[in-house]
Amino acid sequence: MALHNGPRKKTRYKFKKALRARGLPPVTSVIQQFDEGQKVHIVVEPSIHKGMPHRRFHGKTGTVIGQRGQAWVLEIKDGNATKTVIARPQHLKAQKY
């Protein structure tokens, strides 16, 4: 049997939406603005495929370090390593203090 190692592998339950939350998200999630140094949570929006970060970063919190086109560049601590993630604003939520 062939190996199936796509970017959405093992995400059946991780990317599943609640029944009433299905469909496209509101437009306000697209026009979100973040400041450099701001903390944001990565919560993947499964109905938007463009600009989706890798599944291993779902649920992580990162720091905004810049913008690249319509997407935001984040810095995330993964163990001892610091990783850079590029994600569109639909997949990000500002951290509340």
Side-chain angles (χ1 to χ4, degrees):
M1 188 152 177
L3 287 174
H4 303 290
N5 291 326
R8 292 183 68 154
K9 172 184 158 188
K10 295 185 177 179
T11 60
R12 175 172 291 180
Y13 299 107
K14 185 179 274 197
F15 287 174
K16 191 174 182 180
K17 294 173 93 170
L19 182 64
R20 290 180 179 264
R22 290 184 188 168
L24 293 175
V27 178
T28 53
S29 68
V30 180
I31 59 174
Q32 292 184 91
Q33 291 293 317
F34 303 105
D35 300 322
E36 283 193 31
Q38 184 177 355
K39 296 276 191 183
V40 292
H41 298 300
I42 298 176
V43 183
V44 175
E45 173 60 48
S47 60
I48 307 291
H49 302 163
K50 207 167 191 179
M52 183 184 284
H54 193 269
R55 66 189 187 297
R56 83 168 57 100
F57 300 113
H58 179 77
K60 304 272 190 214
T61 302
T63 308
V64 176
I65 57 172
Q67 191 172 7
R68 189 175 293 185
Q70 296 176 8
W72 295 92
V73 183
L74 310 172
E75 196 171 67
I76 293 178
K77 289 287 286 175
D78 189 17
N80 292 330
T82 303
K83 298 191 176 178
T84 304
V85 176
I86 300 169
R88 286 211 172 180
Q90 294 95 322
H91 308 289
L92 303 175
K93 290 190 178 159
Q95 182 181 16
K96 296 193 172 138
Y97 295 100

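- Side-chain heavy-atom separations under 4.5 angstrom define the hydrophobic clusters, and V30 shares its cluster with no other residue.
- Listed by chain and residue number, N5 satisfy the side chain to side chain donor-acceptor pair (under 3.5 Å) test with K9 (two or more places apart in sequence, or in another chain).
- Atoms NZ and CG, from K83 and D78 in turn, are 4.0 Å apart once rounded to the nearest 0.5 Å.
- The other residues sharing a hydrophobic cluster with L24 are I48, where clustering joins ILVMFWY side chains under 4.5 Å apart.
- Annotation: salt bridge (Lys or Arg N to Asp or Glu O under 4.0 Å) contacts of K93 (sequence neighbours excluded): none.
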What side-chain donor-acceptor pairs closer than 3.5 Å can you find for residues 59-75, not counting sequence neighbours?
residue, atom, partner, partner atom, Å
T61, OG1, H41, ND1, 2.7
T63, OG1, K39, NZ, 3.4
Q67, NE2, G69, O, 3.3
Q70, OE1, R88, NH1, 3.3

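- Rounded to the nearest 0.5 Å, atoms NE2 (H91) and CD1 (I86) are 13.0 Å apart.
- Between R8 and P46, some side-chain heavy-atom pair lies under the 4.5 Å cut-off.
- Here S29 pairs with nothing under the side chain to side chain donor-acceptor pair (under 3.5 Å) rule; sequence neighbours left out.
- Side-chain contact check for V43 versus H58: some heavy-atom pair is nearer than 4.5 Å.
- Between P53 and I42, the shortest heavy-atom contact is CG-CG2, 3.6 Å.
- By the 4.5 Å heavy-atom criterion applied to side chains, M52 and F15 are counted as neighbours.
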- prompt: Yes or no on side-chain contact (heavy atoms from CB on, under 4.5 Å) for E45 and K17, after CA distance, side-chain angles and deciding distance?
  reply: CA-CA 9 Å; E45 173 60 48; K17 294 173 93 170; 2.6 Å; yes

